[in-house]
Amino acid sequence: MVFFIWRKKEKFAVVDKKKQFAVIGLGRFGGSVCKELYRMGHQVLAIDIRDHKVNEFAQFSTHAVIADSTDEKALQSLGIRNFEYVIVAIGDNIQSSILTTLVLKEMKVPNVWVKAQNIYHHKVVEKIGADRIIHPEHDMGVRIAQHLTSEKIVDYIELSNEYSIVELLATNKVHNKSLIDLNIRANYGCTILAIKRGEDVNVSPMPEEVILEKDLLIVIGHKNDLKRFEDEGI
């Protein structure tokens, strides 16, 4: 397939370490990922079979390319195997998504993340080696449900069927108490990964760290333990 590349002068924000990403499929999900990665200062190759989408995202990527991602030769010519991460965000065409994932894994791309439309799509790309499978609608639904059912939960990330990371709002109950005083790990089986206070984030806080009301606590643990901590500990 004939394809075109729009090359632009690179303008990057300052980041500690730039990475190379390719985003295949520039719909609502893929387009959002592309824009955010580029905004963060990473090198982004934007790929779509539709010329109007490529034109739209030329300003939000390092390179924007018209290409058929199921065509191995087209991907080879783009040097796709040199990218650390490739995100397959193809929308309704499940067949193209599956074939693209297969081609990428056969080309030994190290990290292939795939947007899945449904459980059957998930199972197929999982079997052919997708490194991570994303269900945007499901994931967002879970997060919204968590927000709706708890005033303490600010954000929620599901790691597996059993474990999650939650961002909890500290209440007056734990105000001016240190992590030693609360002994969260022993009492609830959870671990405080970080404490966010305004714009400051304290990663891996020391046991002597004091929590203030309205601090945001980033906590990891089993879902049952997190729920118990939310209900009883904070």
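Numbering of residues begins at 1 and proceeds along the displayed sequence.
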Straight-line distance of [X] [atom1] to [Y] [atom2], nearest 0.5 Å:
{"X": "E72", "Y": "T100", "atom1": "CD", "atom2": "OG1", "answer": "11.5 Å"}
{"X": "I133", "Y": "K115", "atom1": "CD1", "atom2": "NZ", "answer": "14.0 Å"}
{"X": "L37", "Y": "H42", "atom1": "CG", "atom2": "NE2", "answer": "6.5 Å"}
{"X": "K214", "Y": "K196", "atom1": "NZ", "atom2": "NZ", "answer": "15.5 Å"}
{"X": "I80", "Y": "S69", "atom1": "CD1", "atom2": "OG", "answer": "9.0 Å"}
{"X": "T171", "Y": "L217", "atom1": "OG1", "atom2": "CG", "answer": "9.5 Å"}

Does [atom1] in [X] sit with more than 12 non-hydrogen atoms of other residues, nucleotides or ligands closer than 6.0 Å?
{"X": "R132", "atom1": "CZ", "result": "no"}
{"X": "R28", "atom1": "CZ", "result": "no"}
{"X": "Q95", "atom1": "CD", "result": "no"}
{"X": "D92", "atom1": "CG", "result": "no"}

Output, in order, the C-alpha distance, side-chain angles, deciding distance and verdict of salt bridge (charged side-chain N to carboxylate O under 4.0 Å, His left out) for K123 and E126.
CA-CA 5 Å; K123 288 180 178 179; E126 183 177 43; over 6 Å; no
May I have the step-by-step check of side chain to side chain contact (heavy atoms under 4.5 Å, CB included) for L216 and L169, ending in yes or no?
CA-CA 5 Å; L216 292 179; L169 188 65; 3.5 Å; yes
Give a yes or no on whether [X] and [Y] share a hydrophobic cluster (residues Ile, Leu, Val, Met, Phe, Trp, Tyr; joining criterion: side-chain heavy atoms under 4.5 Å apart).
{"X": "I47", "Y": "I94", "value": "yes"}
{"X": "I128", "Y": "L99", "value": "no"}
{"X": "M107", "Y": "I90", "value": "yes"}
{"X": "V86", "Y": "V124", "value": "yes"}
{"X": "L102", "Y": "L75", "value": "yes"}

Side chain proximity check, [X] to [Y], heavy atoms < 4.5 angstrom:
{"X": "I218", "Y": "I165", "result": "yes"}
{"X": "V114", "Y": "S97", "result": "yes"}
{"X": "V210", "Y": "K177", "result": "no"}
{"X": "W113", "Y": "I134", "result": "yes"}

Check whether any side-chain N or O of [X] sits under 3.5 Å from a backbone N or O of [Y] as a donor-acceptor pair, and report yes or no.
{"X": "H121", "Y": "Q117", "value": "yes"}
{"X": "R228", "Y": "N187", "value": "yes"}
{"X": "K35", "Y": "F57", "value": "no"}
{"X": "D215", "Y": "I211", "value": "no"}
{"X": "N55", "Y": "D51", "value": "yes"}
{"X": "T191", "Y": "L193", "value": "no"}
{"X": "H222", "Y": "Y163", "value": "no"}

Between D48 and R50, does any side-chain N to carboxylate O distance fall below 4.0 Å?
yes
Provide the closest heavy-atom pair for [X] versus [Y] in the form atom of the first, atom of the second, distance.
{"X": "I234", "Y": "E230", "answer": "CG2-O, 3.6 Å"}
{"X": "Q59", "Y": "Y38", "answer": "O-CE2, 3.7 Å"}
{"X": "L226", "Y": "S164", "answer": "CD1-O, 3.5 Å"}
{"X": "E84", "Y": "K19", "answer": "OE2-CA, 3.5 Å"}
{"X": "A89", "Y": "G30", "answer": "CB-CA, 3.6 Å"}
{"X": "C34", "Y": "F60", "answer": "SG-O, 3.5 Å"}

Mind jotting down which residue pairs meet the side chain to side chain donor-acceptor pair (under 3.5 Å) criterion with at least one end in residues 198-207? Sequence neighbours excluded, please.
N202-E209
Residue pairs involving residues 103-112 (criterion side chain to side chain donor-acceptor pair (under 3.5 Å); sequence neighbours excluded)
K105-D131
Run the side chain to side chain contact (heavy atoms under 4.5 Å, CB included) test on E208 and L179 for me, step by step, so that the C-alpha distance in whole Å, both residues' side-chain angles and the decisive distance to 0.1 Å come before the verdict.
CA-CA 6 Å; E208 297 80 15; L179 295 180; over 6 Å; no
Trace of the side chain to side chain contact (heavy atoms under 4.5 Å, CB included) decision for R81 with Q76:
CA-CA 7 Å; R81 69 177 60 194; Q76 284 178 341; 4.0 Å; yes
Are Y85 and F21, when compared by the centres of their aromatic rings, separated by less than 6.0 Å?
yes
Run the side chain to side chain contact (heavy atoms under 4.5 Å, CB included) check on Y188 and N183 step by step: do they pass?
CA-CA 8 Å; Y188 301 100; N183 205 6; over 6 Å; no
Check V54, L45, I24 against V65 for a side-chain contact (heavy atoms from CB on, under 4.5 Å) and give me the one that passes.
L45
